**Q** 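Take a look at the following structure, please.
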Amino acid sequence: MSNPTTTRWPRLDYHDLKDTLASVHMWTQIIGKVRLKQMPWINHSWQVTLYVSSTGLTTGSMPFEGGVFQIDLDFISHTLNISTSTGEKRSFELGTGSVSAFYSSLMDSIASVNASVEIYAVPNEVEPAIPFAENHTPCNYNASIMHDYWQALVRIHNVFTEFRAGFQGKNSPVHFFWGGFDLAVTRFSGRPAPKHQGSVPNMPAIVMQEAYSQEVSSCGFWPGSDAFPHPVFYAYCYPTPENFAKQQVSPPEAFYSGEMGEFLLTYEVVSRSADPERTLLQFLQSTYDAAAKTGNWDKDLQCDLSALKNA
């Protein structure tokens, strides 16, 4: 990991973030719907996610008739960029107009590179779920605030990636779910889980049931909400063993939320600590240990392959 004395974790305040992130949330929903339509279905909806990139968030390569194309939200130049394997490129600026205008610009740009796609143009996991073409809400976008949030995602991505490397069982990528607007990584015990009975606004039950068809221990980062106005790290498991909530986790500031059914640690605690990377890793590892202990996971699923870097 990088030296914590030379790596600044940006300050994040929910009240400063929320208007900008509300706009970007809708943009990622539209982009994510394109990825959903173009990709084959991969277990646990992994095909729909976006990824942290060196400039912002990216779809990565998506197939189309001419080869592959990619959509990038660039939070350095604050543009949306489309590129194809046939050499076509399109861009437009972020931060102006409405959600419906963004939707039209994106669909027109995709069509202009011969990668036309028809999506189910209604957002998921939000209330109310206004169709994109009918959402004339102005896009509030502060470039500086979004740049800081993306820089936080970069640092979190790197820690999540290091944590992911310590597990040799089935293990998700570090990926960004545009429905809940969270960055996450998930470990699997290798055992099937009971049928998921929960629900999420504007999300088909069958999708949730497939997503949680296997036992999981999952952690992530979420920007907060009006009800919980704090950017926060979370960790949960499904199914949830009876004693999971009673386990001691690190650092001391971490706590279990009975309402949310998960352990939480605010971004502020991590970013202000003397060593943010180590503090976050403590939270990730200790909450996994809580899930593995109470859920009787195979201890051999954890690994340390770092020596192979010097092979």
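A quick note: this is a predicted structure, and the numbers were derived from the prediction, not measured.
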**Q** Which pairs with one or both residues in residues 197-209 pass side chain to side chain donor-acceptor pair (under 3.5 Å), sequence neighbours excluded?
**A**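 For residues 197-209: none.
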
**Q** Looking at Arg11 and Asp16, is there a salt bridge between them, counting it only when a charged N and a carboxylate O are closer than 4.0 Å?
**A**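 Salt bridge flag = yes for Arg11 with Asp16.
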
**Q** Is a side-chain donor or acceptor of Ser105 paired with a backbone partner of Phe102 at a separation under 3.5 angstrom?
**A**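 Side chain of Ser105 to backbone of Phe102: no pair is present.
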
**Q** Which pairs of donor and acceptor atoms, one on a side chain in residues 303-311, lie under 3.5 Å apart (sequence neighbours left out)?
**A**
from, atom 1, to, atom 2, distance (Å)
Asp304, OD1, Ser306, N, 3.1
Asp304, OD1, Ser306, OG, 2.7

**Q** Tell me which pairs pass ring-ring contact (aromatic ring centres under 6.0 Å, His included) where either residue lies in residues 193-218, with sequence neighbours left out.
**A**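 Every pair satisfying ring-ring contact (aromatic ring centres under 6.0 Å, His included) with a residue in residues 193-218: His196-Tyr212, His196-Tyr238, Tyr212-Tyr238.
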
**Q** Go through the structure and list residues passing side chain to side chain donor-acceptor pair (under 3.5 Å) with Arg191, not counting sequence neighbours.
**A**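 Listed in chain order: Glu215.
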
**Q** Using the benzene-type ring in the case of Trp, are the ring centres of His147 and Tyr149 under 6.0 Å apart?
**A**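 For His147 and Tyr149, the ring centres are not under 6.0 Å apart.
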
**Q** Let me have the donor-acceptor pairs involving side chains of residues 27-37, under 3.5 Å, with sequence neighbours excluded, atom names and distances please.
**A**
from, atom 1, to, atom 2, distance (Å)
Thr28, OG1, Val24, O, 3.3
Thr28, OG1, His25, O, 2.8
Gln29, OE1, Asn124, N, 2.8
Gln29, NE2, His25, NE2, 3.3
Gln29, NE2, Asn124, O, 2.8
Gln29, NE2, Trp178, O, 3.3
Lys33, NZ, Tyr120, O, 3.3
Lys33, NZ, Val122, O, 2.8
Lys33, NZ, Asn124, OD1, 2.9
Arg35, NE, Gln47, O, 2.9
Arg35, NE, Thr49, O, 2.7
Arg35, NH1, Thr59, O, 2.8
Arg35, NH2, Tyr51, OH, 3.1
Lys37, NZ, Glu118, O, 2.5

**Q** Indicate yes or no for a side-chain donor-acceptor contact from Thr84 to the backbone of Glu88 under 3.5 Å, with no hydrogens or angles considered.
**A**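 Yes: the side chain of Thr84 pairs with the backbone of Glu88.
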
**Q** In terms of ring plane angle, is the pair Phe244 and Tyr256 parallel, tilted or perpendicular, where the classes change at 30° and 60°?
**A**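 The arrangement is perpendicular - the two ring planes meet at more than 60°.
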
**Q** Kindly assign one of parallel, tilted or perpendicular to the pair Trp150 and Phe75, based on the angle between their ring planes and the thresholds 30° and 60°.
**A**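 Rings of Trp150 and Phe75: tilted, 30 to 60°.
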
**Q** Can you list every side chain to side chain donor-acceptor pair (under 3.5 Å) pair that touches residues 130-143, not counting sequence neighbours?
**A**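 As it turns out, the side chain to side chain donor-acceptor pair (under 3.5 Å) pairs with a partner in residues 130-143, which skip direct neighbours, are His78-Tyr141, Ser100-His136, Asn135-Thr137.
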
**Q** Taking atom types as modelled and ignoring hydrogens, do the side chains of Asn243 and Gln247 form a donor-acceptor contact shorter than 3.5 angstrom?
**A**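 The answer is no; no qualifying pair exists.
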
